[in-house]
Engineer: 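Sending over a structure as structure tokens; questions will come in a sec.
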Amino acid sequence: MATLDHTGTLGVVREKVEAGERLDLEDGLAILESDDLLALGELADHARRRRGGTDDVYFVQNTYLNQTNVCRVKCKFCAFAATRKQEHAYTITAEELVEDAVAHHAATGFTEIHMVNGENPHVDFDFYRDTIASLHAALPDVHLKCYTASEIHHMTTLSGLTHEQVLRELKDAGLGSLPGGGAEIFADRVRRLVAPGKEHPDVWFHVHDTAHRLGIPTHCTMLYGHVETYEERVDHILRLREQQDRTGGFLAFIPLAFHPENTVFERRGFRHTTGADDLKMLAFSRLMLDNVPNVKAYWIMMGMPMAAVALHFGANDVQGTVMREEIFKAAGGRTGTEQKVEELVRFVTAAGRVPVQRDTLYNELRRWP
Ligand code: SF4
């Protein structure tokens, strides 16, 4: 990872934004070290509009599914995973999952299923492929955004197949896109501290690179607010930007604030990120990631009132109705797990923006005046 003496200022960043120039490591550090929050918001919003952004703010009607929380990895920031013998461990069959999803769809009409799981060593690749095929057969119009790059890699170790073979089989079964989880922070130092059992970042990139080349769009994330430095945040975002230059398949970036509750970090005295840090991260993401079209203010993490404010800090998407989210809830998330469409519309409108319901691929489904 490159490091350098920090001499940049927000003035230089502003000049580069005005000139449409790409920001570098030094600019990223200047943004993260600035306390001028309102200036950062204004700059990020300006950069977003310079690149063609409008007042439209997107959301999707979606549901979250987790088929198994059994996981072999034991990331230190994770409050979701369980070993098979723990009382709260579960693994749901494809039939049970589909039955539940169909009933839920009939009641709500979601257009997207977002599903991630633990890396369960007690299932085989058919477990995943059959689940996708069954979901797709039962809900053919619902977009299946399923499995992090880590899970895709886990499937290769279960099956002996390559990333490409696994992705091809899942795509043929009905997979539509990949979520962005598993990225955490790419720097080796951080990974060794927070997720020593997780695969090397090169694997994360190889899965996304392969997916993009197969025509499977993906998302990208950063889990911030634990042991990482500002340099490591900038390094992470620059690696994502380079990947996007190569393949262009990232639909959106989602900065994820670390929730320490029910993890070893809570016992070590770690606290939630502050609202100021969350807003700064959104502005930083929008300014640095000049080639990823959408940046999400993830309301399930920051709450809808803060997500609405974040629309003035570079975000143009508030994710979705997110029914039954389990992962942030396990880590102490207090924001509830469902946001009605009317509420999303109310918050976005009150922020002076235009609510647009989208599908997963950012096709417009409905807009509010
Ligand atoms: S973050 Fe994912 S891979 Fe890590 S322990 Fe939790 S479920 Fe397992």
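Remember, it's a predicted structure, so these values are computed and weren't measured experimentally. Counting starts at 1 for both ligands and their atoms, in listed order. For this chain, numbers begin at 1 and follow the sequence in order.
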Engineer: Identify the closest protein heavy atom to atom 4 (Fe) of ligand 1: which residue and atom is it, and at what distance?
Structural biologist: C75 SG, 2.3 Å
Engineer: Between T68 and I92, does the side chain to side chain contact (heavy atoms under 4.5 Å, CB included) criterion hold? Intermediate values first, please.
Structural biologist: CA-CA 6 Å; T68 177; I92 302 165; over 6 Å; no
Engineer: Would you say the ring centroid of H219 lies under 6.0 angstrom from that of F250?
Structural biologist: no
Engineer: Picking from L144, T148, T131, what satisfies side-chain contact (heavy atoms from CB on, under 4.5 Å) with M115?
Structural biologist: T131
Engineer: For V73, counting its heavy atoms only, list the atoms of ligand 1 lying under 4.0 Å from any of them.
Structural biologist: 3 (S)
Engineer: State whether R358 and E364 are salt-bridged, where the test is any N-O pair (Lys NZ or Arg NE/NH1/NH2 against Asp/Glu carboxylate O) under 4.0 Å.
Structural biologist: no
Engineer: If the contact criterion is a heavy-atom separation under 4.0 Å, does G118 count as touching ligand 1?
Structural biologist: yes
Engineer: Taking both backbone and side chain into account, is any N, O or S atom of C71 nearer than 2.8 Å to atom 4 (Fe) of ligand 1?
Structural biologist: no
Engineer: So which bit of R72 gets within less than 4.0 Å of ligand 1, heavy atoms only: side chain, backbone, both or neither?
Structural biologist: neither
Engineer: Answer yes or no for C78: is there an N/O/S atom below the 2.8 Å cut-off from atom 6 (Fe) of ligand 1?
Structural biologist: yes
Engineer: What is the distance from atom CG of D56 to atom OH of Y362, rounded to the nearest 0.5 Å?
Structural biologist: 12.5 Å
Engineer: Quick test: of every protein heavy atom, which one is nearest to atom 2 (Fe) of ligand 1, and how far off is it to 0.1 Å?
Structural biologist: K198 NZ, 4.1 Å
Engineer: Identify whether the distance between the nearest side-chain nitrogen and carboxylate oxygen of R241 and D245 falls below 4.0 Å.
Structural biologist: no
